[in-house]
Amino acid sequence: MMATTSVPTQTVRGLLSEVDPAMLADDADMCQPLQRKTAAYRNCSERFETKDQRFQQYALLYSRRFMAMKETLKTTAIAKWTTGEHKRSPAKYVDSILEMKRGERCFVLGTVYKDMALKPCILDDIAAREEYEAPPPERSKYCSENDAVFLEDRSGRASLAGDKLPADLVVTGVMMGVLGHEAQNGDFMVEDYCFCGIRTAEPVPLPLRQDDAYVVLASGLGVSSKNESQLSLQLLTDFLTGHLGGEADQALAASIVRLVVAGNLIAQTSDESAGLAVYKSKNMAAESVTHVRDADKFLSMMAAALPIDVMAGPNDPANHIMPQQPLHRCMFPLSGRSKSLTAVTNPYDCDVDGVRFLGSSGQGVDDIYRFSKTEDRMSILQQTLEWRHMLPTAPDTLACYPFFDKDPFVMTQLPHVYFAGNQPSFDTRVTDGPGGQPVRTILVPRFDTSRTVVLVNLRNLECTPVCVLLRSLTVSNSWCPVLACHTWHRCQSCRHSLGSSVHGTDARRFCTLCTCETSCTA
């Protein structure tokens, strides 16, 4: 991708003094002023704000989760196991685990607890340090054949067994109903299971609109002065601000109404001062300070063109526990002045022209991936819809704030767009919700490794990945991103003007309209 004749004429003339005036006149005729579309916006993330700072045990959080989801789960279980094929011999509903009778077929509700031998424990780390041993190694998966699954409620705990038990699917914290009977050894033999389900949620109709308008989802931008993706970030900025591509690209950019950065705005920091003498390291600026300063410059350019929502991520200077609170505006002295920039919570819930967006920076999907045998991250994201809970593993293996009056991660309403950021690759699916409501689930890839952002159409929820790449372009220290070699080429197929920006290097350039090739011989 490259800057073309869509650059404002006055800017091009200021840079290209050696260009044929007739060619610039033809290109100026092709440029038409475009007005960026706007969309009504409402931030719906109040439940994720931790204004009342109280710290206590996590038992209340699990209790609030159980009470918030019990009636919905009970309705689903009764409909599944007392009607249809189970109508002739309906199972008995048991209100608590201690009320189960041995040998009696029944169904009961509770919270899943998964006992995992490989699960990290801080006590193991402390014991290893005291014995001068290496701590347990980090793993990509913590599952083993010795894992055991239990179901808990306020009265007690029951060990689950049987071939129908979804041991590889569930994780600690999931609300589940099980059908079966208690065996002689005390295990509950599972015949079937159910979750709250997506179809029991309150439907939100998709608003009707005639024109296309887009929301861009990006994550893992990894802004850093040392980052190799600086060029891609500049190209992304040019694309979103309408300074890149031809008329079709500019029309698309003008249809973008909002940008959502789903975490990891800055690159992961490393301790450069480790191992250095104190007199050498005391005057060194923290690496994160440099990253934030570069991110502020990047956001200032973007906020001048379109509204931006910035969510915190694992690499960002924010609180570690979920939900992460908005990044403080004092870190962005340049972009923070603009009303177009909004620092939001992680997870994030918003309404854009009636389309409901709900998502996180990816910590929930990553944590479930580590503690289940499921390899498909999209299946994990969709499964959280069936569980009706965004972060079921919090607070067991995912740190979270100890809420005492609510569990904000319970999904009472289904969103139209449900996303998770900072994923290894892009993926998307559509799930039919209650009343035929479509739910678009999206895995937003890390931009610093994939160079990809995602466009979501508010009209029909169509999802399009946009990859910002320099295809077959030789980049050297003399590369100039502002067309400073004063050389223009015209595509032989579509006659579209191509700008060259490589000094003294024979590089292949691609036309943004027909992807044909030409060579720069400057």
Side-chain angles (χ1 to χ4, degrees), residues 58-59 61-63 65-82 85-86 89-119 121 141-197 367-374 379-380 383-384 386-389 391-398 407 410:
Y58 285 101
L61 178 60
Y62 281 114
S63 177
R65 181 182 306 178
F66 182 80
M67 297 306 296
M69 306 177 71
K70 180 179 179 181
E71 292 303 320
T72 302
L73 183 58
K74 181 179 178 180
T75 302
T76 304
I78 292 176
K80 184 175 184 179
W81 292 323
T82 61
E85 59 181 11
H86 297 280
S89 57
K92 177 184 177 181
Y93 168 68
V94 177
D95 191 59
S96 65
I97 290 177
L98 290 183
E99 295 179 7
M100 294 189 303
K101 297 180 180 180
R102 187 163 297 176
E104 183 182 36
R105 190 167 181 264
C106 62
F107 62 92
V108 65
L109 315 177
T111 306
V112 172
Y113 172 74
K114 200 170 184 179
D115 187 14
M116 308 180 71
L118 300 179
K119 185 171 71 172
C121 178
K141 292 282 189 179
Y142 291 93
C143 301
S144 68
E145 298 299 330
N146 299 324
D147 295 344
V149 181
F150 298 87
L151 194 71
E152 294 182 349
D153 64 7
R154 290 185 173 184
S155 66
R157 171 189 290 186
S159 175
L160 304 182
D163 296 336
K164 299 295 185 178
L165 176 65
D168 298 339
L169 175 65
V170 296
V171 291
T172 297
V174 174
M175 285 288 299
M176 182 172 69
V178 291
L179 169 69
H181 65 278
E182 186 179 357
Q184 294 297 324
N185 62 355
D187 292 342
F188 188 86
M189 305 304 296
V190 178
E191 300 176 14
D192 198 3
Y193 62 91
C194 73
F195 306 110
C196 286
D367 199 61
I368 297 173
Y369 177 84
R370 286 191 293 266
F371 292 95
S372 68
K373 292 186 177 180
T374 306
S379 297
I380 293 176
Q383 194 62 49
T384 58
E386 290 292 330
W387 295 336
R388 297 276 295 281
H389 201 281
L391 308 174
T393 56
D396 182 53
T397 55
L398 183 63
D407 185 352
V410 175

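Just so it is clear, the values below take in all heavy atoms, side chains as well, and ignore hydrogens, waters and symmetry mates. Residue indices begin at 1 and follow the sequence shown. Predicted model, so just to flag it, every value in this text is computed and none were measured.
Side-chain contact, Arg154 with Ser63: a donor N or O sits under 3.5 Å from an acceptor N or O. Looking only at atom types and distance, the side chain of Asp153 has a donor-acceptor partner in the side chain of Ser155 under 3.5 Å away.
Between Tyr62 and Thr111, the shortest heavy-atom contact is CD2-CG2, 4.4 Å. What you find for Cys196 and Trp387 is that their closest heavy atoms are CB-O, 4.4 Å. Counting all heavy atoms, side chain and backbone alike, Asp147 lies closest to Cys143 at OD2-CA, 3.5 Å. A pairwise comparison of heavy atoms in Val178 and Phe188 identifies CG2-CE2, 3.6 Å as the closest pair. Nearest heavy atoms, Gly110 versus Phe66: CA-CE1, 3.8 Å. Closest of all the heavy-atom pairs between Arg65 and Pro395 is NH2-CD, 4.4 Å.
With sequence neighbours excluded, the residues forming a side-chain contact (heavy atoms from CB on, under 4.5 Å) with Ala183 are Asn185, Met189, listed by chain and number. For Asp367, the salt bridge (Lys or Arg N to Asp or Glu O under 4.0 Å) partners two or more places apart in sequence, or in a different chain, are Arg370. Scanning for side chain to side chain donor-acceptor pair (under 3.5 Å) contacts around Asp95 gives Lys70, Tyr93, with sequence neighbours left out. In terms of the side chain to side chain donor-acceptor pair (under 3.5 Å) criterion, residue partners of Asp396 (sequence neighbours excluded) are, by chain and number, Lys119. Applying the side chain to side chain donor-acceptor pair (under 3.5 Å) criterion to Glu191, with sequence neighbours excluded, gives Arg105.
Separation of the Phe195 and Tyr193 ring centroids falls under the 6.0 Å cut-off.
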Could you list the donor-acceptor pairs under 3.5 angstrom formed between side-chain atoms of residues 159-175 and any protein atom two or more places apart in sequence or on another chain?
unit_1, atom_1, unit_2, atom_2, d
Ser159, OG, Asp187, OD1, 3.3
Thr172, OG1, Lys114, N, 2.9

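Ile97 is not listed as a side-chain neighbour of Arg157, based on a closest heavy-atom distance of 4.5 Å or more. Met69 has its side chain out of reach of Leu109: every pair of non-hydrogen atoms, C-beta onward, lies at least 4.5 Å apart. Counting heavy atoms from C-beta outward, Thr384 and His389 have side chains that stay 4.5 Å or more apart.
With rounding to the nearest 0.5 angstrom, the CG atom of Leu398 is 4.5 Å from the OG1 atom of Thr393. Here Leu151 contributes atom CG and Met176 contributes atom CE; the two are 5.5 Å apart, rounded to the nearest 0.5 Å. If you take CD on Glu99 and CD on Glu104, they are separated by 10.5 Å, rounding to the nearest 0.5 Å. Between the NE2 atom in His181 and the CZ atom in Arg102 there is a gap of 11.0 Å [rounded to 0.5 Å]. For the atom pair SG (Cys194) and CH2 (Trp81), the distance works out to 3.5 Å, reported to the nearest 0.5 Å. In this structure, Thr374 OG1 and Ile368 CD1 are separated by 9.0 Å, a value rounded to the nearest 0.5 Å.
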Q: Might you work through the side chain to side chain contact (heavy atoms under 4.5 Å, CB included) test for Arg388 and Val410, ending with a clear yes or no?
A: CA-CA 6 Å; Arg388 297 276 295 281; Val410 175; 5.6 Å; no

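Taking the centre and axis of the six-membered ring of Tyr369, the NZ or CZ atom of Lys141 falls inside the cone set by 45° and 6.0 Å.
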